Engineer: 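Take this structure first; my questions come after.
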Amino acid sequence: MVTQIISTMETQVSNGPTSNSSLPNGPLISANGATDDSKTNLIVNYLPQNMTQEEFKSLFGSIGEIESCKLVRDKITGQSLGYGFVNYVDSNDADKAINTLNGLKLQTKTIKVSYARPSSASIRDANLYVSGLPKTMSQKEMEQLFSQYGRIITSRILVDQVTGVSRGVGFIRFDKRIEAEEAIKGLNGQKPLGASEPITVKFANNPSQKTGQALLTHLYQTTARRYTGPLHHQTQRFSPLSLISRFSPITIDSMTSLAGVNLTGASSAGWCIFVYNLSPEADESVLWQLFGPFGAVTNVKVIRDFTTNKCKGFGFVTMTNYDEAAMAIASLNGYRLGDRILQVSFKTSKQHKA
DNA sequence: TGGAATT
């Protein structure tokens, strides 16, 4: 299956300083003694997943003297979250960094360099993921829809790189988390004016979170199997958390690059299995329990109703190896789960509503 | 009896 290449457009409201001096500036001290970082502190977004703190510092240090910088990482896995902060000593260097490094292409990413808003708890977790948008809806129209709930900092609609047509998926970052919460309450499950389908509005995942999770899932599967052997009477599985403590981020990185693992491919490759006649209470764990004993499972998904959040009676499981998937299907098709007889088969390319 | 999309 071909991985779709995505291109995006993004706009951002002005949130930085409004003037720049042509003279070097030292740190600005306000009346209460606090430093004002608004003209020196930058946020850098869309960094490549594998960029290290050292590379990050090296890149931005080439512009001028750095007061401090930080590549933001997942607290547990240590994986880069794909963004960071750079605070320059001189505001002119911050300005120069925006002018020379914003839009720089690094691997598959186009980095974004802009002034950071002042750090504050109220602006955290204010980013929304929106799906089910009409393909005809423009970024501006999406902003108009959301702007009733607060000040929009950034917005984006993902489009197919080849055709340029909207994928019906986008992001809205509000200035304040409470604004984002209100937008979810007001718009999730609602049909935009003239639309035939409701949209989904939820908090967005962290950048690059998915690849990190896919990697951990992959490690979890392969390592658990290495220790337990294939197919037989597996009574205890390793917890992903126990693996995290045994693999440092550096080890994960080096294993990944040594193995030439393509993170995107690893999460999507495999044999997809359709599971029908699950109960409304079914969750992901039941699929793990059913299929895990047969071999490497890379992904499970329970399909839920939009409003009730109950299972719609079916789900999908992705397994890495054909033999194990075939064995799981042969064993679980017709299997009685509670008072239901499961129907399990390879997913076919049956078409449904797009 | 057939989903999804994460800059």
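Every chain is numbered from 1 and lettered A, B, ... according to where its sequence line falls, protein lines coming before strand lines. Everything numeric in this text was worked out from a predicted model, so none of it was measured.
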Engineer: May I have the distance from A:Met142 (atom CE) to B:dT6 (atom C1'), rounded to whole angstrom?
Structural biologist: 13 Å
Engineer: Mind checking if A:Cys272 touches a base, just sugar-phosphate, or nothing, with heavy atoms under 4.0 Å?
Structural biologist: base
Engineer: Can you tell me which nucleotide in B:dT1, B:dT6, B:dA5 comes closest to the side chain of A:Lys135?
Structural biologist: B:dA5
Engineer: Under the ring pair (Phe, Tyr, Trp, His ring centres under 6.0 Å) rule, collect the residues that match up with A:Phe171, sequence neighbours excluded.
Structural biologist: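 A:Phe171 satisfies ring pair (Phe, Tyr, Trp, His ring centres under 6.0 Å) with A:Tyr129 only.
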Engineer: Go through B:dT7, B:dA5, B:dG2 for me and flag the one nearest to the A:Tyr129 side chain.
Structural biologist: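 The nucleotide sitting nearest to the side chain is B:dA5.
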Engineer: In whole angstroms, how far is the P atom of B:dA4 from the CD atom of A:Glu197?
Structural biologist: 11 Å
Engineer: Can you confirm whether more than 12 heavy atoms, excluding those of A:Tyr322, are under 6.0 Å from its OH atom?
Structural biologist: no
Engineer: Starting from P on B:dT6, measure out to CG on A:Leu81 and report it in whole angstrom.
Structural biologist: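 Interatomic distance, CG of A:Leu81 to P of B:dT6: 17 Å.
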Engineer: Name the closest nucleotide to the A:Arg167 side chain, picking from B:dG2, B:dT1, B:dA5.
Structural biologist: B:dA5
Engineer: Would you mind classifying the nucleic acid contact of A:Asn127 as base, sugar-phosphate or nothing, using non-hydrogen atoms under 4.0 angstrom?
Structural biologist: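 Counting heavy atoms under 4.0 Å across all strands, the contact made by A:Asn127 includes a base.
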Engineer: Please list, chain by chain and in numerical order, all residues satisfying side chain to side chain donor-acceptor pair (under 3.5 Å) with A:Ser285, sequence neighbours excluded.
Structural biologist: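 Testing A:Ser285 for side chain to side chain donor-acceptor pair (under 3.5 Å), a comparison that skips the adjacent residues, returns A:Asp283.
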Engineer: Go through the structure and list residues passing ring pair (Phe, Tyr, Trp, His ring centres under 6.0 Å) with A:Phe60, not counting sequence neighbours.
Structural biologist: A:Phe56
Engineer: A:Asn299 has an atom CG; how far is it from atom P of B:dA4, in whole Å?
Structural biologist: 13 Å
Engineer: Side chains of A:Phe316 and A:Ile303: closer than 4.5 Å at any heavy-atom pair?
Structural biologist: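 Yes, close enough: below the 4.5 Å cut-off.
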Engineer: Please give, in whole Å, the distance from B:dA4 P to A:Asp305 CG?
Structural biologist: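 Computing the A:Asp305:CG to B:dA4:P distance gives 11 Å.
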Engineer: Out of B:dA5, B:dT6, B:dT7, which nucleotide sits closest to the side chain of A:Lys202?
Structural biologist: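 Among the listed nucleotides, the one closest to the side chain of A:Lys202 is B:dT6.
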Engineer: Do A:Phe314 and the base of B:dG2 stack face to face, with centres under 5.5 Å apart and an angle between planes under 30°?
Structural biologist: no
Engineer: A:Phe171 on top of B:dT7's base, within under 5.5 Å and under 30°?
Structural biologist: yes
Engineer: Can you hop from A:Val297 to A:Phe314 via hydrophobic side chains spaced under 4.5 Å?
Structural biologist: no
Engineer: Can you tell me how far P of B:dG2 sits from CD1 of A:Ile303, to the nearest Å?
Structural biologist: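 In whole Å, B:dG2 P lies 11 Å from A:Ile303 CD1.
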Engineer: Among the nucleotides B:dT7, B:dT1, B:dA5, which one has an atom lying closest to any side-chain atom of A:Ser131?
Structural biologist: B:dA5
Engineer: Could you tell me the separation between the CG atom of A:Leu128 and the P atom of B:dT7, rounded to a whole number of Å?
Structural biologist: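 Checked: the CG to P distance equals 15 Å.
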Engineer: In whole angstrom, what separates A:Leu133's CG from B:dA4's C1'?
Structural biologist: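 Rounding to the nearest Å, CG of A:Leu133 and C1' of B:dA4 are 15 Å apart.
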Engineer: Using the test side-chain contact (heavy atoms from CB on, under 4.5 Å), find all partners of A:Lys176 that sit at least two apart in sequence or belong to another chain.
Structural biologist: A:Ser122, A:Ile123, A:Ile178, A:Glu179
Engineer: By the ring pair (Phe, Tyr, Trp, His ring centres under 6.0 Å) test, which pairs, at least two apart or in different chains, include something from residues 146-165 of chain A?
Structural biologist: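 Those involving residues 146-165 of chain A do not exist here.
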Engineer: At 4.0 Å (heavy atoms only), tell me whether A:Phe316 reaches a base, stays on the sugar-phosphate, or touches nothing.
Structural biologist: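 Answer is base: heavy atoms of A:Phe316 come under 4.0 Å of a base.
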Engineer: Under a 3.5 Å cutoff on both atom distances, Watson-Crick or G-U, what's the dot-bracket for DNA chain B ([ ] crossing, | other strand)?
Structural biologist: .......
Engineer: Counting heavy atoms from C-beta on, name the nucleotide in B:dG2, B:dT1, B:dA5 closest to the side chain of A:Val169.
Structural biologist: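 Between B:dG2, B:dT1, B:dA5, the one nearest the side chain of A:Val169 would be B:dA5.
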